[in-house]
Amino acid sequence: MRTRRWWTAGWVGGLGALALASLAAQPAGPVRIDVAVDRPGAPIASTMYGIFFEDINFGADGGIYAEKIKNRSFEFPDALMGWKRAMVEGARGSFAAATDAPPSPANPRYLRITSESGRFGVTNDGFRGIGIRQGEQYTVSLLARRRGDAPTSLVVEFEDARNQPQGGTTIAGLTTTWARYRATITATQTSGSRTRLRVLADGPGTVDVDMVSLFPADTWQGRENGLRKDLVQLLKDMKPGFLRFPGGCIVEGRFLDGRYQWKTTIGDPAERRLIVNRWNDEFANRATPDYYQSFGLGFYEYFLLSEDLGAEPLPIINCGMACQFNSGELAPLDAIDPYIQDALDLIEFANGPVTSPWGAKRAAMGHPAPFNLKLLGVGNEQWGPQYIERFALFEKVLGAKHPEITLIASADPNFRSDNFPWQWDRLRELKADVVDEHFYMPPEWFLTNVGRYDTYPRTGPKVFVGEYAAHLPGAGAQNVRPSTLGAALAEAVFMTGFERNADVVTMSAYAPLLAHVDAWQWTPNLIWFDNLRSFGTPSYYAQQLFGANRGERVVPIALNGSGTNGTAGLFASAALDAGGREVVVKLVNPGGAAREVALSLGGRSVTGQAAVTTLTGDAAAENTLAQPARVAPAVETIAVSGTTVRRALPAHSLTVLRIPLR
Ligand code: AHR
């Protein structure tokens, strides 16, 4: 196993040097931790810990969106990508994409299958295969019509690597006009990636098919067009305060015509306009030529997901700028109105009465009640005067028409550039509500910058740490940045800094969120999955522990009498919870030696049971599909009594204590 010693390297300079010095000067005995429960400070925003969602790494199509058929609508530029001739004995025929009299002008291409003899047709290889479980049910649906008198039915079945059927059904009653058909298939084997779905004309003749779709019957909440249950459950377990969607760079697009346009992502999934995914060819070494956005998971589904998670929806809208790491294409200022109108219409779609044009569309999709949108991001990672000019225009209109909506502005992602403070100053002048900062940095950066927000102004815009992750060097032929416990602890250290500055930092999210083990473009990520299984990284568990133990009001905490986070090599934050009946203390020991702590709660005597959750292990340990819980929190209950609570903090650990207050 690789051993990484980033934590020692990280102690050089700044707070690292200070902490090393204090470690060396440690008197024997436990580190004294004073939690001033009688001096509660700022409320901790319910949005403090949330989720960043982007369709990167097959996060949506091929990921949480439970559709198993790739290129179901034959609208990929290569119309037959994902589809091949099915190998069925005795079958002869041909197939091709066709466009005459399609089921809908919004979905102009479909597949024409002609059987000359036998059951002739095509197979779809899914998103890196199709995952099925023996005995489980799958819902197949498709649009079809026959061209002449025959065939009058289609055979739809799973096939294994040897082209042998593994459960199927017959769809009968085809007519010469397009109609939608649905059927259920029960899988007769379990397979993660070797299964395909085949669609066969049931005898000679010509048949047209489109929107060939396959979902597990058991989606999240049993919804049609639904989401993968295991992945949503992992998100739910994070107890997120908000869900940011749809990204990320896909908001911006490489050019403006590839930007995310929410209006094309709602309504009948068959009518949603497919576009290339921006991550399709972003990295030459991780090219993913079959990566497109079907928008089957569109804005309506994102709002529903937010509701299911109990998280505030946070859509990010394009502000008239394509990705500045790519073309940086700009919508001219005198042509920005349609972009602002998109934002206004989005607010109406989310919150408007069912009698309003966009509120009516929401109701028609099945949600007459408003989604109660309160947050809106204007642009993703934008910088420079062009952004400020555009943000100002959005702010002027949205601020006047929708003062109830909190607007989130982008800080320059190049946070060490000269533009960063300039942009912050302009956003202060514009009275932005919240400013979104991003950090993809080595673990030691997070340790040495734990005090970043201690010196931020206490008035003006709040901070959204909208994307961050500790990046270790890439390893192996694929240059994979590992997701170790050590990296997770560096992030946990940084999070104690958010909590201590809850009057400034009101939102945060790790990024990116999801990654398919066979189709990723970016590492590290919070959650990995294949076609059947999924697991959280150590960083996932750090996020989960902070999200589930957020607390309501921050309280001052001192380590060996010092308010400096990192004193004695430990990092900590504390909060009151449950209306003041509990105190939550988070302690991070990133070092390689166990530490004793003695907590005192402002002289109060406590008695009862405290819950202790610990995330610990080897600093280089990672979770995998085979060992999904190698690093996972352990929960125990301990009896507490008296004015001091003692605890041993293991090496490389995050510990959360929930102590009842009398
Ligand atoms: O999280 C991955 C990418 O990193 C996001 O799309 C973008 O906002 C950032 O550059």
Side-chain angles (χ1 to χ4, degrees), residues 50-61 63-64 235 240 242-255 258-260 275-283 285-286 288 291 293 297 302 314-319 321-328 376-384 387 391 408-417 419-420 423 434-442 445-446 463-472 474 479-481 483 487 491 494 507-516 519-528 537 539-540 543:
I51 288 176
F52 164 96
F53 190 101
E54 177 166 24
D55 192 2
I56 181 174
N57 307 312
F58 274 28
D61 283 299
I64 200 167
L235 303 188
F242 63 89
L243 176 72
R244 170 194 180 135
F245 56 87
C249 291
I250 65 165
V251 170
E252 302 154 341
R254 189 176 290 279
F255 291 92
R259 72 189 186 278
Y260 198 101
I275 64 169
V276 67
N277 189 301
R278 181 209 177 281
W279 298 104
N280 178 308
D281 57 357
E282 178 68 12
F283 300 121
N285 65 329
R286 293 296 307 173
T288 318
Y291 203 178
Q293 296 179 85
L297 168 53
Y302 281 122
L314 165 52
I316 309 288
I317 195 142
N318 187 292
C319 65
M321 298 176 83
C323 180
Q324 290 171 273
F325 293 111
N326 298 146
S327 72
L376 183 65
V378 179
N380 174 46
E381 286 186 336
Q382 327 291 169
W383 63 87
Y387 176 60
F391 179 79
I408 296 173
S410 166
D412 187 338
N414 309 298
F415 65 92
R416 290 187 278 207
S417 69
N419 181 70
F420 186 87
Q423 189 151 318
V434 180
V435 175
D436 177 8
E437 300 190 343
H438 296 179
F439 308 105
Y440 295 103
M441 298 300 290
W445 183 90
F446 290 94
V463 172
F464 172 25
V465 188
E467 296 183 28
Y468 69 95
H471 280 194
L472 285 158
N479 202 31
V480 177
R481 297 189 202 102
S483 286
E491 291 147 6
F494 200 46
M507 307 175 72
S508 68
Y510 180 102
L513 180 70
L514 295 170
H516 191 300
W520 56 270
Q521 296 80 46
W522 181 292
T523 53
N525 302 288
L526 205 59
I527 294 168
W528 287 87
T537 59
S539 294
Y540 168 83
Q543 294 293 321

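When a ligand or atom number is given, it counts from 1 through the structure's own listing order. On a predicted model such as this, the values are computed, not experimentally measured, just so you know.
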Check: If you measure from atom 7 (C) of ligand 1 to every heavy atom of E282, E467, Q521, which option wins on shortest distance?
Finding: E467

Next item on the list: Write out the residue and atom name of the closest protein heavy atom to atom 6 (O) of ligand 1, then the distance separating them to 0.1 Å.
Entry: E54 OE1, 2.5 Å

Notebook entry, point to check: Based purely on interatomic distance, does C249 place a nitrogen or oxygen under 3.5 Å from a nitrogen or oxygen of ligand 1?
Noted result: yes

Notebook entry, point to check: Between F446 and Y468, what is the ring plane arrangement, given parallel below 30°, perpendicular above 60°, and tilted in between?
Noted result: tilted

Check: Is there a side-chain contact between N326 and E282, using heavy atoms and a 4.5 Å cut-off?
Finding: yes

Check: At a 4.0 Å cut-off, with the gap strictly under it, does some heavy atom of G247 reach an atom of ligand 1?
Finding: no

Notebook entry, point to check: Does an N or O from Y440, backbone or side chain, lie closer than 3.5 Å to an N or O of ligand 1?
Noted result: yes

Notebook entry, point to check: How far is atom 10 (O) of ligand 1 from its nearest protein heavy atom, and which residue and atom name does that atom have?
Noted result: E381 OE1, 2.7 Å

Next item on the list: Any atoms of ligand 1 less than 4.0 Å from a non-hydrogen atom of G248? List them with their elements.
Entry: 5 (C), 6 (O), 8 (O)

Item checked: For Y540, all residues meeting ring-ring contact (aromatic ring centres under 6.0 Å, His included), sequence neighbours excluded -> none

Next item on the list: Answer with side chain, backbone, both or neither: which part of N380 has a heavy atom less than 4.0 angstrom from an atom of ligand 1?
Entry: side chain

Check: Quick one: does E252's side chain have a donor or acceptor within less than 3.5 Å of a partner on I250's backbone?
Finding: no

Note to self: ring-ring contact (aromatic ring centres under 6.0 Å, His included) for W383 and F325? Distances and angles first, verdict last.
What the structure shows: CA-CA 11 Å; W383 63 87; F325 293 111; 5.1 Å; yes

Check: Should the ring pair H471 and W522 be called parallel, tilted or perpendicular, given that the plane angle runs from 0 to 90° and is split at 30 and 60?
Finding: perpendicular

Next item on the list: Could you tell me whether the side chain of R254 reaches within less than 4.5 Å of the side chain of D281, counting heavy atoms only?
Entry: yes

Next item on the list: State if W279 counts as touching ligand 1 under the rule of any non-hydrogen atom under 4.0 Å.
Entry: yes

